[in-house]
S.K.: 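Quick one: this structure, given as structure tokens, is what I'll be asking you about.
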Protein chains: 4
Amino acid sequence: MSEAKPELPRRERQSAARANQILDAAAALFAERGFHRTTTRDIAEAADVAEGTLYNYFANKDDLLIGVLQRLSESIETISAPMYQISTDARAYFTALLEVIQSVQEQNLVRILAILSEIMANAELRARFYSQLVDPGIQALERNLKPLTANGQIRQADTAGLARLLASFFIGLFFLELLGDPVVSNDRNRIDEVSLSVIFDGIIAKNQEDQSR
Amino acid sequence: MSEAKPELPRRERQSAARANQILDAAAALFAERGFHRTTTRDIAEAADVAEGTLYNYFANKDDLLIGVLQRLSESIETISAPMYQISTDARAYFTALLEVIQSVQEQNLVRILAILSEIMANAELRARFYSQLVDPGIQALERNLKPLTANGQIRQADTAGLARLLASFFIGLFFLELLGDPVVSNDRNRIDEVSLSVIFDGIIAKNQEDQSR
Amino acid sequence: MSEAKPELPRRERQSAARANQILDAAAALFAERGFHRTTTRDIAEAADVAEGTLYNYFANKDDLLIGVLQRLSESIETISAPMYQISTDARAYFTALLEVIQSVQEQNLVRILAILSEIMANAELRARFYSQLVDPGIQALERNLKPLTANGQIRQADTAGLARLLASFFIGLFFLELLGDPVVSNDRNRIDEVSLSVIFDGIIAKNQEDQSR
Amino acid sequence: MSEAKPELPRRERQSAARANQILDAAAALFAERGFHRTTTRDIAEAADVAEGTLYNYFANKDDLLIGVLQRLSESIETISAPMYQISTDARAYFTALLEVIQSVQEQNLVRILAILSEIMANAELRARFYSQLVDPGIQALERNLKPLTANGQIRQADTAGLARLLASFFIGLFFLELLGDPVVSNDRNRIDEVSLSVIFDGIIAKNQEDQSR
DNA sequence: AATGAATGAGGGTTCATTCAT
DNA sequence: CATGAATGAACCCTCATTCAT
């Protein structure tokens, strides 16, 4: 449960703790009311430090977002690390994938919202978000899909395309939940079932398919 | 169903034109640099009117976003209206669906980006966005999927769930493109092919499925 | 009850009526919320004319105040005209004076308040207010006090000073009422009685006076 | 009764000094050109601070007026405190009263004008002005008049009414001076003499009174 | 390293005034 | 004369950032 950085000098540990305390406060406020509607004063208050102190840890307000992104990035790596070995059985893999994604969302919701609040308006943030989080995620997906395709469990040969398709779906699902769609928000199991069904069998009825063979 | 626009008095026509001119300028700027980084002064300049004029047409800056949303809503209705009849053949429907969605995105990219730039920070906007655009879109999907399920072309009985799944996919795809993913951005055909393949046949290889039975 | 200006051409009568309609609206609003918190739009709406129309009758917003002052001035002249003959008996005169002043206040409250709202901030208005209203009032007082002094009914020889003293008292009383002092606001008779008592007999007990002779 | 001001921490002393510096600048400008014609920029410049600094000390522009009123209130209390013991001899009391009032006016003219400039347009300010300044002043008058009435030096039994009458007179006198009446402005002694004469003996000649009995 | 008062550029909005219709 | 949309200067206020303590 404690961070696995045992050997830092006390000074640095305290400093890192303070920085995290600030980032957590900032993330919570950004998530709640957006980056621009959050003032540095708000953040300082929530983090229980003086406004000037923020600037001992971060170059400016934008830098706080970068910091939140960093923490998010680290957290996701930790959570999703175990996934990199399971990809031997397709059913097992996709089932696990849904779970891991949901777990990432739950544990990092605030950070994700914080970043999303400004992602459209900040090109640098957008680029970092893609290269630090989205792209690595897609790469990981590809890495895991490849053996499944190689051993014939996945028919679709375009692994890169398939990874994008799956990523899109997950991203979109998150967004629908954000928007408060009642089915996605309150009936997630149902969505998961439909997803697995489509992943495994497609949408189109097989009878018809069989007939057409 | 269409407004009786032809015979409006000149005053009102001019007024509407002016409002649109302002909205277009606002949308372009919001899309480019986000809602908060756009000043009313910027908008007025871009729209070639005085700053005060904005307030003859819109109550405040937020109201401009609502206006953009309204225009987006109308535009989408216009574009997607033809879809409401085609759902007889599944393959034809999904093919057409991909096209319509792409066309909506292309023609309204700026408006969509404008709204997205503020959607995380503005709960009211979020609610309107969902209820005016997303929910109607999902409802339309459901309406079109139902006959296909009824006549056995779609196996998945949970139409509502399926509609969410498809919507999620489209939303996520849009987002990936926004983030500059190279495959999605530059090779859209490839994505469409993979999508149709998955929709029709699923991901998992059928042979294996048969074997595992 | 109708204004005694029978022989104006119709055009001019209409024009004057419009101007008065605007002035009355302006006065009411100025009185209610002050000169600066009243917008020309408010006035136009209340007067049921377009904003631009105001400027066909008045040079600018300040000019409206001057106009209100003019109307007030005329109204006061009308009301107080009868006073200019009564000054033969001191008791009768002062009693009548209290009544006339109250009547002026009641019939012109709105106009007075309108002007007071800006009188401290507008030196020109202040000067006009003094020279058109206050000074003439004081002069009239002097004119009426003089015969009373001449025939020995008033002991105080400094008529000018006495007129100021009386004027001060009336002005201050008006102000106390404005401020909502409960005694002055709700018990005006009581104030009048005390006033007359002091005017006639002074404050200091006469017994003592007599003894000191 | 006096604040324990001597041992305040330096920070707080500096802060209070700064607030007063701002209030004095604001009062001077409000008095000169009125509340609404004074901009926050003007005030900041006059107080030699940045505009933003104003808002570290006062919530908004209106709050500056409240602050001026507070200072005025304190100053008046200080000046008029000695009055609370003198009321044993009527002549001495009224003579002292005139002096104290004049001294209050002189030392607080700017503050009074500042508040008057907005008092008609701001109901809250009006209420505060009455309850913090006018009413306490009247109460003090009553407190001082009572013993004089009790020991027979004042004939008028309606102390409350008499206090209003006197207050009205002082207020009106101040107003006449403001309006630039030449007698009141340049010949104050004369007014004081007439006032004392009327207070002591009334206006009406006593001989005649005696005769008319 | 921590503080928080001071800063002042910049923001959204108002409103008296103008002028083409 | 009447209209009311257009104007843009000016206003009050916010807030990220700095810096003396």
Side-chain angles (χ1 to χ4, degrees), chain A residues 11 14-15 18-19 35-45 47-64, chain B residues 10-12 14-15 18-19 22 35-45 47-64, chain C residues 11 14-15 18 35-45 47-64, chain D residues 10-12 14-15 18-19 22 36-45 47-64:
Chain A
R11 268 276 173 75
Q14 281 186 350
S15 171
R18 193 62 85 96
F35 179 75
H36 278 102
R37 296 198 210 270
T38 301
T39 70
T40 50
R41 180 190 301 234
D42 291 337
I43 298 169
E45 257 172 41
D48 203 35
V49 296
E51 233 176 317
T53 304
L54 301 183
Y55 291 85
N56 289 331
Y57 293 90
F58 302 94
N60 50 44
K61 198 185 168 193
D62 279 18
D63 203 30
L64 285 166
Chain B
R10 187 168 8 131
R11 267 274 170 82
E12 292 194 25
Q14 279 188 350
S15 172
R18 194 69 90 129
I22 291 170
F35 179 75
H36 277 103
R37 298 200 208 267
T38 302
T39 70
T40 52
R41 202 169 314 239
D42 292 336
I43 298 169
E45 252 172 48
D48 203 36
V49 297
E51 224 175 326
T53 303
L54 300 184
Y55 293 85
N56 289 335
Y57 293 90
F58 302 93
N60 49 44
K61 200 184 165 195
D62 278 18
D63 203 30
L64 284 166
Chain C
R11 267 278 173 77
Q14 281 187 348
S15 172
R18 191 63 82 98
F35 179 74
H36 277 103
R37 296 196 210 272
T38 302
T39 71
T40 51
R41 180 190 300 234
D42 291 337
I43 299 169
E45 256 172 43
D48 204 35
V49 297
E51 233 176 318
T53 303
L54 300 183
Y55 291 85
N56 290 331
Y57 293 90
F58 302 93
N60 49 44
K61 199 185 165 192
D62 279 18
D63 203 31
L64 285 165
Chain D
R10 184 166 14 127
R11 265 276 172 77
E12 290 192 25
Q14 279 189 352
S15 172
R18 192 70 89 126
I22 292 171
H36 277 104
R37 296 200 209 268
T38 302
T39 71
T40 52
R41 198 175 313 241
D42 292 336
I43 299 169
E45 252 172 48
D48 202 36
V49 296
E51 222 175 328
T53 302
L54 301 184
Y55 293 86
N56 288 335
Y57 292 89
F58 302 94
N60 48 45
K61 201 185 165 194
D62 278 17
D63 202 30
L64 284 165

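Convention: sequence-line order gives letters A, B, ...; per-chain numbering from 1.
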S.K.: Within this structure, what is the CG-to-P distance between B:N60 and E:dT14, rounded to whole angstrom?
M.R.: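 Taking atom P of E:dT14 as the reference, CG of B:N60 is at 8 Å.
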S.K.: I want to confirm an ordering. Mapping C:V49 and D:E51 to their closest nucleotides on DNA chain F, which one lands closer to the 5' end?
M.R.: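 By nearest-heavy-atom nucleotide position, the 5'-most residue is C:V49.
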S.K.: Starting from C1' on E:dT7, measure out to OH on D:Y55 and report it in whole angstrom.
M.R.: 14 Å
S.K.: Rounded to whole angstrom units, what separation is found between the CD atom of D:Q14 and the P atom of E:dT3?
M.R.: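 D:Q14 atom CD is separated from E:dT3 atom P by 19 Å.
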S.K.: So which nucleotide from E:dG4, E:dA1, E:dG8 ends up closest to the side chain of D:A50?
M.R.: E:dG8
S.K.: Check each residue of residues 35-45 of chain A for a non-hydrogen atom within less than 4.0 Å of any atom in DNA chain E, then write out the ones that pass by number, or none.
M.R.: none
S.K.: Should stems be defined as at least three consecutive Watson-Crick or G-U pairs with both distances under 3.5 angstrom, which of them involve DNA chain F?
M.R.: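 Stems found: E:2-21 with F:2-21.
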S.K.: Please list, in 5' to 3' order, the outermost nucleotides of DNA chain F lying under 4.0 Å from any heavy atom of chain A.
M.R.: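 For DNA chain F, the relevant span reads F:dC15 to F:dT18.
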S.K.: Under the side-chain hydrogen bond (donor to acceptor under 3.5 Å, both in side chains) rule, collect the residues that match up with B:R18, sequence neighbours excluded.
M.R.: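 With sequence neighbours excluded, B:R18 shows a side-chain hydrogen bond (donor to acceptor under 3.5 Å, both in side chains) to no residue whatsoever.
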S.K.: How many angstroms lie between CD1 in D:I22 and CG in D:D48, if you round to the nearest 0.5 Å?
M.R.: 10.5 Å
S.K.: For D:N56 and E:dG8, give me the distance from atom CG to atom C1', rounded to whole Å.
M.R.: 12 Å
S.K.: Does A:K61 or B:Y57 map to a spot on DNA chain F nearer the 5' end, using the closest nucleotide for each?
M.R.: B:Y57
S.K.: Any idea which heavy atoms bring A:L54 and A:T40 closest together, and the distance?
M.R.: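 Between these two residues, the closest heavy atoms are CD1-O, 3.5 Å.
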S.K.: Quick one: list whatever passes side chain to side chain contact (heavy atoms under 4.5 Å, CB included) with B:D63, sequence neighbours left out.
M.R.: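 By the side chain to side chain contact (heavy atoms under 4.5 Å, CB included) rule, B:D63 matches B:F58, B:A59, B:N60, B:I66.
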S.K.: Need to verify one output field. Residue with the more 5' nearest nucleotide on DNA chain E, B:T53 or D:D48?
M.R.: D:D48
S.K.: Got a sec, which residues hit salt bridge (Lys or Arg N to Asp or Glu O under 4.0 Å) with B:R41, two or more places apart in sequence or on another chain?
M.R.: B:E51
S.K.: List for me each residue that meets salt bridge (Lys or Arg N to Asp or Glu O under 4.0 Å) alongside B:R37, sequence neighbours excluded, and say none if there are none.
M.R.: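 Here the qualifying residues are A:E118.
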S.K.: So, using side-chain hydrogen bond (donor to acceptor under 3.5 Å, both in side chains) as the criterion, who are the partners of B:T39 when residues are at least two apart?
M.R.: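 side-chain hydrogen bond (donor to acceptor under 3.5 Å, both in side chains) list for B:T39, sorted by chain: B:D42.
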S.K.: Go through the steps for A:H36 and B:F35 under the test side chain to side chain contact (heavy atoms under 4.5 Å, CB included), then give the verdict.
M.R.: CA-CA 10 Å; A:H36 278 102; B:F35 179 75; over 6 Å; no
